[in-house]
Amino acid sequence: MSTPVRVRFAPSPTGFLHVGGARTALFNWLWARHTGGTLVLRIEDTDAQRSTDEMIQGILDGLEWLGIDWDEGPFHQSQRGARHREAADRLVESGSAYPCFCSVEMLAAEREAAIARKESYVYSGRCRGLDPAEAARRREGGEPSTVRFAVPAGETSWEDVVHGHTAFENRTIGDFIILRSDGAPIYNLAVTVDDLDMRITHVVRGDDHISNTPKQILLYGALGVEPPVFAHVPLILGPDKSKLSKRHGAVAVTAYREQGFLSAAFVNFLALLGWSPGDDREVMTRAELIEAFTLERITGKSAVFDVEKLEWLNGQHLSRLSGAEVAAIAKPLFVHARIADEAELARRAAWFEDLMALVKTRSRTLHDLVEQGRPFFPGPVEYQPDAVEKFWKDAALADSALAVAEAYVAGEEQWGDLEAMEAGLRALAEESGVPAGKVMQAMRVALTGQRVSPGIFETMTAMGPDVVRDRLAAARAWLAGRAASQAGA
RNA sequence: GGCCCCAUCGUCUAGUGGCCUAGGACGUAGCCCUCUCAAGGCUAAAACACGGGUUCGAAUCCCGUUGGGGCCA
C-alpha cells in the first residue's frame, strides 16, 4: 500500500440527506473504514444564502442515523473563496485561464447562432486571444469580466474505477468559466481546489458528475497536480426508472427511520444497491460490509430502489437481534404510542424483552412490533373486524369454544409450561367435543383482538392468568351481545 | 438537440471466452411445518434487448441498432 486513502463526502446543504447522497456517503465511508483511511466531510455551501445551519443540520442528522462518522471537517466551501480565487489568479498568470469580457447578450447571440446552425453550443473563445496587458487595463478600468479556463485541444480521459476508460473530446467542453464577474468561484474550480487542498486520493461520487470530471482533470493538470482516482457510482432510480426524487415519495433518509426501519438494515440495503460482495451474502452487518467493501465491485448500472426488499432486510435484521436489543429500540415507540410509560417498561424489563423476542420474527418494521405487542398490555381489546370474520363468524360456536377455554384456564396449573398447557387444553377440548384448533383460534381473538399473534400458549403465558381470564369473560359478553343483535336482525 | 453513461428473471444481483441446460435474493405461486400469522424448509414460473461480426466456442470481446438514464443547453 502506498499513500493512505483520503476520501470525502461533499453534500450541498439541502436540509436533509437524500437516499442517493446517503449511498454516496456510505460508499466513501465504507472505503475509508475498509482501508483504514480518512473521510473528510465538506459542505458545498457556495449558495451561501440558502445554506442555513438548519439546512446543514438536516444532513448531519441523516449521517448520524446511518452511523456514518467522519474524521475531518465539516469544512465549509463558502469559507474557502480566497483559496479558489488564488488558484484562479495562478491559472491566469500561467496562461491557463483568461479574463472574458463577453456580455450576456453576446453569449446569448452566439448560442442562438449555434442552435440555428444545429450545432451544439460551446463558447467561441473570442476573448482568449486578448492581449493580457490590454485585458488587465480593461479590468482595472472597471469593465465587468469573468475568468475562463483555456481548454487545450485534444482529449481528456481517465480510468474510472466503476466505468473503466472514459474520454471526452476537449472541443465538446469549451472554455468554461471558473470565476464569475463578482469574483465568486464556479463549482468545478471550487471542487478541484478543495479536493486538492484536502489531499483527496479517491473521488467517489454520483454518476451525474461524470461530465464535470474532464473539466476538473484539466484544472488539476493546469495546477500542476495529478488528479485523484475517480469512481462514479450509478444513480438510484425510482420505480419509474428516473432519478430518485421527491415525487417518488420518501427521499430523506430520516423518513425511513420514522417508518420503522433499522439503521443497520437501511445501510445494508443501500450498500446492496450498486454493490455486492461477490458471494451470495445479503444480510450483512456494518462490520461485514466494511470488511467486504471494495470500489472495484461497484456496478456500472443504476439501481431501482425496492422498498419490499428493504422491508424484508429489516425483518431479517430484526430477527437477528436479541429480545433485549429489540426491547431497547422499541421502548420509546411503545411510550410514544401511549401503550405504556417508561416506568412500567422499566419495572417489567425482563418481561418486555421476552415479549419482543416473541413478536420480532413476525415483524418487518418497528411499527409491526408495536402493533403486535399492544394487546399484551392490560386494558380493553379492540376486536379487529377481519379477526371476528375469520374466527368468530358464528357467535354461538365461538362462545362454546370460549367456554371450553374458560374451563381450561380455570383448571390450568402448569402455567408457563407450553407443552403441558397444550396437552391440557387438547384433552379438555376432546372431552367437550370442540376441536382444539377452534378453541385456540377463538381464544386468539379474545386475547389479542387480532387474527395474528404468537402461539396461543406463549401469548397466554406472556399475558398472565388474570388478564387472560378477564379477556375471555369480556369476549363472551361481547359475543352474547352480538348473538342477541344477530337474532334480532 | 449535443456529449456521456448503462443494458442478465418484474426488482437487486452473480457471471471478466468453455465450469451456463445462466447461480443467489426480494416479490409471486404451490407444498411441508402448523392453533393463526410470520419465520424456517422444499418446489415452480421468471432473464442474457436486437442484429451483425471475431472465435473451434460468446451473457462475457468488437461494431451497429434500439431502449433507458444523466449532464449541458
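Just so it is clear, the structure is predicted and the values come from calculations on it, not from any experiment.
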Could you check how far [atom1] of [X] sits from [atom2] of [N], rounded to whole Å?
| X | N | atom1 | atom2 | result |
| --- | --- | --- | --- | --- |
| A:M440 | B:rC35 | CE | C1' | 5 Å |
| A:N170 | B:rG2 | CG | C1' | 16 Å |
| A:N212 | B:rC3 | CG | P | 18 Å |
| A:L107 | B:rA73 | CG | P | 12 Å |
| A:K301 | B:rC12 | NZ | C1' | 8 Å |
| A:L272 | B:rA14 | CG | C1' | 12 Å |
| A:E458 | B:rA38 | CD | P | 16 Å |
| A:L235 | B:rC6 | CG | C1' | 11 Å |

I want to verify a distance call: between [options], whose nearest atom is closest to the [X] side chain?
| X | options | answer |
| --- | --- | --- |
| A:E422 | B:rC12, B:rC35, B:rC5 | B:rC35 |
| A:A303 | B:rC35, B:rC71, B:rU13 | B:rU13 |
| A:D306 | B:rC35, B:rU36, B:rC26 | B:rC26 |
| A:F168 | B:rC4, B:rU36, B:rA25 | B:rC4 |
| A:T166 | B:rC4, B:rG40, B:rC35 | B:rC4 |
| A:W312 | B:rC35, B:rG27, B:rG24 | B:rG27 |
| A:S453 | B:rU36, B:rC26, B:rC3 | B:rU36 |

**Message:** Looking at A:K331 and A:E353, is any side-chain nitrogen of the basic one under 4.0 Å from a carboxylate oxygen of the acidic one?
**Reply:**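 No, this pair does not count.
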Parallel, tilted or perpendicular, judged at 30° and 60°: which one describes the rings of [X] and [Y]?
| X | Y | answer |
| --- | --- | --- |
| A:F230 | A:Y220 | perpendicular |
| A:W31 | A:H202 | perpendicular |
| A:F334 | A:F377 | tilted |
| A:W478 | A:W392 | tilted |

Establish, from distance only, whether the side-chain atoms of [X] and [Y] form a donor-acceptor pair under 3.5 Å.
| X | Y | answer |
| --- | --- | --- |
| A:E169 | A:T172 | no |
| A:N170 | A:E155 | no |
| A:S263 | A:R286 | yes |
| A:D45 | A:Q77 | no |

Scan every strand shown for a Watson-Crick or G-U wobble partner of [N], both distances under 3.5 Å, and answer none if you come up empty.
| N | result |
| --- | --- |
| B:rU16 | none |
| B:rU28 | B:rA44 |
| B:rA39 | none |
| B:rC71 | B:rG2 |
| B:rU65 | B:rA49 |
| B:rU34 | none |
| B:rU21 | none |

Between [N] and [M], how far is it from one [atom1] atom to the other, in whole Å?
| N | M | atom1 | result |
| --- | --- | --- | --- |
| B:rU43 | B:rC6 | P | 37 Å |
| B:rC48 | B:rC20 | C1' | 10 Å |
| B:rG10 | B:rG53 | C1' | 33 Å |
| B:rC63 | B:rA58 | C1' | 15 Å |
| B:rG2 | B:rA44 | P | 49 Å |
| B:rG64 | B:rC26 | C1' | 36 Å |
| B:rG23 | B:rA45 | P | 11 Å |
| B:rU8 | B:rC3 | P | 24 Å |

Classify [X] by what it touches in the nucleic acid, base, sugar-phosphate, or nothing, heavy-atom distance under 4.0 Å.
| X | answer |
| --- | --- |
| A:E282 | base |
| A:R320 | nothing |
| A:P454 | base |
| A:G206 | nothing |
| A:A167 | sugar-phosphate |
| A:G300 | sugar-phosphate |

**Fill in**
Ranking A:S211 and A:V452 by the position along RNA chain B of their nearest nucleotide, the one closer to 5' is A:V452
**Request:** Would you mind telling me which residue lines up with the more 5' stretch of RNA chain B, A:D279 or A:E308, judged by nearest nucleotide?
**Result:**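 Mapping each residue to its closest nucleotide by heavy atoms, the 5'-most match is A:D279.
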OP1 or OP2 of [N] under 4.0 Å from side-chain N/O of [X]:
| X | N | value |
| --- | --- | --- |
| A:R297 | B:rA14 | yes |
| A:R281 | B:rU13 | no |
| A:S319 | B:rA39 | no |
| A:H163 | B:rC6 | yes |
| A:Q316 | B:rG40 | yes |

**Residue from A:D160, A:T166, A:D208 passing side chain to side chain donor-acceptor pair (under 3.5 Å) with A:H232** =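 Checked A:D160, A:T166, A:D208 against A:H232; only one passes side chain to side chain donor-acceptor pair (under 3.5 Å): A:D160.
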**Message:** I need the residues from residues 358-368 of chain A with at least one non-hydrogen atom less than 4.0 Å from RNA chain B; give them sorted by number, or say none.
**Reply:** A:T361, A:R362, A:R364
**Request:** For RNA chain B, determine which residues of residues 380-388 of chain A have any heavy atom closer than 4.0 angstrom to one of its atoms, and list them numerically.
**Result:** none
[X] side chain to [Y] main-chain N or O, any donor-acceptor pair under 3.5 Å?
| X | Y | value |
| --- | --- | --- |
| A:T365 | A:H367 | yes |
| A:N28 | A:T24 | yes |
| A:D368 | A:R364 | yes |

**Asked** Centre of A:F266's six-membered ring, under 6.0 Å away, within 45 degrees of the axis: is that where NZ or CZ of A:R257 sits?
**Response**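 No, A:R257 does not lie over the aromatic ring of A:F266.
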